[in-house]
Colleague: 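Next up is a structure, given as structure tokens.
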Amino acid sequence: MGSGSQIVHEAGTSIPPKQLIQPPQAEKDNAHSTQNNAGPTDMGEKLDPCPLVPYVSTHSESLSNSARKPRMPSTLDDFDVIGTIGSGSYGTCKKIRRKKDGKILVWKEMEYGTMTESEKQMLVSEVNLLRELKHQHIVRYYDRIIDRSNTTIYIIMEYCDGGDLSVLISKNRREGTYLEEDFVWKMLIQMTSALKECHRRKNGKAVLHRDLKPANIFLDSDNNVKLGDFGLARVLHHETSFAKTFVGTPYYMSPELVNNMSYNEKSDIWSMGCMLYEICALHPPFTASNQQDLNKKICIGDYKRIPSRYSEDLNTIISKLLCVEVKKRPSIEAILVDPIVLRRNRKMDRLERRNSAGSAGADSLHSWEDELKKREKKLEMKEKELKSHERELAIREKMVEDKLKRIELLSKEYRRKSDLSREVSSSGDGDDMDFFDGLHPCLSRGRRDPDSPKKKVSFDMYGKENLRRHERYSDYTVDNLLTKDYTSKYSSDLKDYDNLYEVELAKRRELKDRLFRAKSKVTDLHDLKLDAHIRNRNLLYFR
Ligand SMILES: Nc1ncnc2c1ncn2[C@@H]1O[C@H](COP(=O)(O)OP(=O)(O)OP(=O)(O)O)[C@@H](O)[C@H]1O
């Protein structure tokens with residue numbers, strides 16, 4: 001029952017729904033205090049028609065009754081409570097997580113200790129009923145746990161993360177917005193399909209919901225209908241086609257109930273009409289300040305058209321459901337074969353197919369996009385690598401350029417010094433050198449033997465002739481030059497080479513001096529020789 005809803009007890013008076021089910025304080029059964037879901041308790045025996053095979057989590061849709069195997073009964077310890085969703089007339093709903101697989105579910109806690117026998121029967125019927133209803137638009141029942149220590153039954157169900165329709169209607173009412181017509185049709189078609197499952201059961205036992213209202217229509221994350229809260233539904237055997245008890249929401253009460261007739265399948269159809277009307281208009285079709293006025297309106301079918309924004313087709317089908325005459329009101333099959341509904345159903349099918357094709361296309365687009373993103377990332381990384389490689393190369397290039405410049409400078413210097421040294425040595429070459437032959441061995445050193453093969457002269461600064469054996473310029477490759485060790489070795493080698501060159505130059509200078517001195521000595525000797533010769537001639541003359 002929705003909070004705030006009132007149960008019509010007598011014409012003109014209303015009482016809160018809780019009072020219908022809350023008995024005068026019944027004694028709590030504290031005799032048993034163990035928690036399980038199969039033991040022979042006042043609840044357990046009735047809940048389970050076969051105590052040895054406790055009805056277990058019938059999670060798998062494909063699991064047939066005959067194939068159902070006994071399983072370890074669930075216990076409260078198998079779940080973690082995440083939080084409370086809300087409380088209704090019969091208990092509190094909590095969001096829970098199943099420990100073994102993390103599945104999010106809901107349990108409805110209902111205290112049965114204070115219930116009367118008939119209420120307990122009703123609860124038993126609810127749980128047994130829930131087990132049997134397996135439909136994509138009906139809230140799935142999973143399991144139940146009885147905690148005898150606090151006389152509470154926990155009914156474990158599917159969690160509907162879209163909330164319930166009453167919340168959606170209130171939100172739209174608050175915001176002054178209307179729900180889309182397509183959404184209303186979707187609700188109509190899916191609710192009809194869920195009701196068909198209840199009204200036309202294979203075992204021949206129709207299940208009447210009895211409390212169809214927006215608060216009992218849950219939505220999943222895709223806004224699909226999940227018909228829930230069968231708390232007050234009863235199993236109706238076909239042979240007794242009228243159930244006498246009235247339970248439900250007064251605004252949705254059908255004319256036959258107002259006229260004290262029994263609740264039947266068509267009463268559910270009326271309630272569905274009221275609910276669809278409310279989804280469109282955001283308020284129920286029949287409203288009044290007291291029960292008498294409400295009853296009158298219901299009995300004559302006095303309601304306004306749904307807002308003009310909605311199609312005539314929708315208005316027509318809602319009017320059919322809100323037909324005061326039970327016989328003329330369509331059954332669930334009649335709704336399903338109504339031309340308007342069929343037309344709409346086909347349109348929805350087409351839309352759904354297009355959407356799923358669209359979503360498949362979108363999926364492939366997404367995966368394509370993902371693939372592209374991955375490739376882009378790879379390319380980006382490669383580009384980064386290349387850039388850093390390029391930077392490295394630029395540095396190496398710069399280093400090589402510097403080295404080459406230095407080498408050129410050094411080679412220029414070397415050539416300049418070589419020219420200088422050649423100048424020095426050339427000034428001591430020629431006749432003078434011949435003159436020195438035999439005078440001092442060191443003076444003839446370095447002079448080429450005319451018969452010996454000509455010494456190869458290379459002007460290539462890297463040529464091996466211009467380097468000491470261990471100083472081949474060929475060793476100074478670009479790569480070698482770039483290594484730190486080799487660079488320092490190279491500089492120290494050049495320094496050695498400079499020193500040697502200086503020594504050589506000094507030696508040559510000294511030799512030049514000595515040559516000069518020897519030349520003047522020769523001149524002196526020549527003069528002396530000439531003088532002696534003259535003197536000798538004079539002496540001969542005098543003789
Ligand atoms: N399976 C479910 N998934 C998600 N929320 C749920 C589920 N079942 C119930 N609820 C939410 O839990 C709250 C309590 O629900 P409950 O059925 O106990 O009470 P109610 O329907 O509000 O009132 P009443 O039972 O009196 O009709 C509600 O807000 C309802 O929307």
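Atoms considered below: every heavy atom in the structure, side chains included; atoms not considered: hydrogens, waters and symmetry mates. Computed from a predicted model, the values in this text were never measured in an experiment. Counting convention: from 1, in listed order, for ligands and their atoms alike.
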Colleague: When you compare the side chain of L212 with that of Y252, does any pair of heavy atoms fall below 4.5 Å?
Modeller: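 No, side chains not in contact.
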Colleague: Closer than 4.0 Å to some heavy atom of F218 - which atoms of ligand 1 meet that?
Modeller: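 Heavy-atom distances to F218 below 4.0 Å select 6 (C), 7 (C), 8 (N), 9 (C), 10 (N), 30 (C), 31 (O).
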Colleague: Quick one: closest heavy-atom pair of C280 and P307, and the distance?
Modeller: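 The pair with the smallest heavy-atom distance is O-CG, 3.8 Å.
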Colleague: Can a non-hydrogen atom of G228 be found less than 4.0 Å from any atom of ligand 1?
Modeller: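 No, G228 has no heavy atoms under 4.0 Å from ligand 1.
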Colleague: Examine D164 against ligand 1 and note whether any of their N/O atoms are separated by less than 3.5 Å.
Modeller: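 Yes, there is a polar N/O contact under 3.5 Å.
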Colleague: Name the one of V139, D164, N216, I217 that satisfies side-chain contact (heavy atoms from CB on, under 4.5 Å) with K226?
Modeller: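 Of V139, D164, N216, I217, side-chain contact (heavy atoms from CB on, under 4.5 Å) with K226 is met by V139 alone.
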Colleague: Any idea which atoms of ligand 1 are less than 4.0 Å away from a heavy-atom of G91?
Modeller: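 Atoms satisfying the 4.0 Å criterion: 18 (O).
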Colleague: Only one of I145, D143, V127 clears side-chain contact (heavy atoms from CB on, under 4.5 Å) with I155; which?
Modeller: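 Only one option passes, and that is V127.
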Colleague: Would Y159 count as being in polar contact with ligand 1, using the rule that some N or O on each side must be under 3.5 angstrom apart?
Modeller: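 No.
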Colleague: Which of the numbered atoms in ligand 1 are below 4.0 angstrom from a heavy atom of N216?
Modeller: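 Counting atoms of ligand 1 from 1, those under 4.0 Å from N216 are 21 (O).
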Colleague: N/O of K108 under 3.5 Å from N/O of ligand 1, yes or no?
Modeller: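 So ligand 1 has an N or O lying under 3.5 Å from an N or O of K108.
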Colleague: Checking E111 side chain against G113 main chain: does a donor-acceptor pair fall under 3.5 Å?
Modeller: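 Indeed, once roles are kept as given, a pair shorter than 3.5 Å links the two residues.
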Colleague: Within this structure, what is the CG-CG distance for the pair D161 and D222, rounded to the nearest 0.5 Å?
Modeller: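 Spacing of CG (D161) from CG (D222) equals 8.5 Å.
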Colleague: Give yes or no for whether the N/O distance cutoff of 3.5 Å, strictly under, is met between C160 and ligand 1.
Modeller: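 Right, the criterion is met.
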